Amino acid sequence: MAAPGREAVVVRGEIDPGANAPRHTHPGDEISYVIEGEVALLIDGEPARTIKAGEAFVVPAGKVHGARNDSGAPVRFVGVYVVDKGRPLATPAR
């Protein structure tokens, strides 16, 4: 169980070929696992990383990040977010 005032949210996501997930933040940590495909993980202040099927990544709370699918196949992933209750899961970055 998450700490008081926090909750765990599990989502299944997909990024189409040639598409991206725009820069955003989360009010808690993101722990994601790539099920299929590969994605460029773009965290502000860090070099881009390629995450392949079978690999996981963590984005700390509040860190601005996005993702890009440069391949010809969809990227499918499962994300677990431990966030503050009552706040939006994601907020677009400025």
Side-chain angles (χ1 to χ4, degrees):
M1 177 166 209
R6 300 186 42 93
E7 63 184 342
V9 179
V10 180
V11 300
R12 181 181 165 128
E14 185 170 315
I15 304 173
D16 291 328
N20 67 36
R23 295 170 66 245
H24 60 281
T25 62
H26 302 288
D29 295 335
E30 171 184 356
I31 303 104
S32 288
Y33 177 82
V34 176
I35 299 167
E36 187 177 319
E38 64 180 52
V39 65
L41 177 62
L42 311 167
I43 299 176
D44 282 13
E46 298 181 18
R49 293 186 303 167
T50 299
I51 312 297
K52 299 178 181 182
E55 297 178 341
F57 61 90
V58 176
V59 179
K63 192 76 169 170
V64 176
H65 65 289
R68 185 178 64 238
N69 180 355
D70 294 325
S71 76
V75 171
R76 293 184 176 90
F77 66 94
V78 172
V80 177
Y81 305 83
V82 180
V83 296
D84 296 333
K85 286 183 182 178
R87 291 188 59 195
L89 182 60
T91 303
R94 299 178 202 251

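Note that the structure is a prediction, hence the values are computed from the model and not measured. The figures here come from the full heavy-atom set of this structure, side chains too, leaving out hydrogens, waters and symmetry mates.
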Under the side-chain hydrogen bond (donor to acceptor under 3.5 Å, both in side chains) test, residues paired with T25 that sit two or more places apart: none
Side-chain heavy-atom pair N20, P22 within 4.5 angstrom cut-off: yes
Co-members of V64 in a cluster of I, L, V, M, F, W and Y side chains, linked at under 4.5 Å: none
same_hphob_cluster(I43, V75) at 4.5 Å side-chain heavy-atom cutoff: yes
Residues that H24 engages under side-chain contact (heavy atoms from CB on, under 4.5 Å), provided they are two or more places apart: H26, H65, A90
Side chain to side chain donor-acceptor pair (under 3.5 Å) contacts touching residues 41-54 (sequence neighbours left out): R23-D44
Shared hydrophobic cluster, I35 / V9 (ILVMFWY, side-chain heavy atoms < 4.5 Å): no
S71 to P17 - nearest heavy-atom pair and separation: O-CB, 3.3 Å
Set of side-chain hydrogen bond (donor to acceptor under 3.5 Å, both in side chains) partners for D84, sequence neighbours left out: R6, R87
Set of residues satisfying side-chain contact (heavy atoms from CB on, under 4.5 Å) with respect to V58, sequence neighbours excluded: I31
Shared hydrophobic cluster, V80 / Y33 (ILVMFWY, side-chain heavy atoms < 4.5 Å): yes
Co-membership, hydrophobic cluster, residues V39 and V11, 4.5 Å side-chain: yes
Test log, rule side-chain contact (heavy atoms from CB on, under 4.5 Å), inputs L89 and Y81: CA-CA 8 Å; L89 182 60; Y81 305 83; 3.6 Å; yes
Hydrophobic cluster identity match, L42 and I15, side-chain contacts under 4.5 Å: no
Listed once per pair and sorted, the side chain to side chain donor-acceptor pair (under 3.5 Å) pairs that draw on residues 10-19, sequence neighbours left out: E14-R76
Smallest separation among heavy atoms of P27 and A61, with atom names: C-CB, 4.3 Å
Heavy-atom closest pair, residues D70 and A40: OD2-CB, 4.5 Å
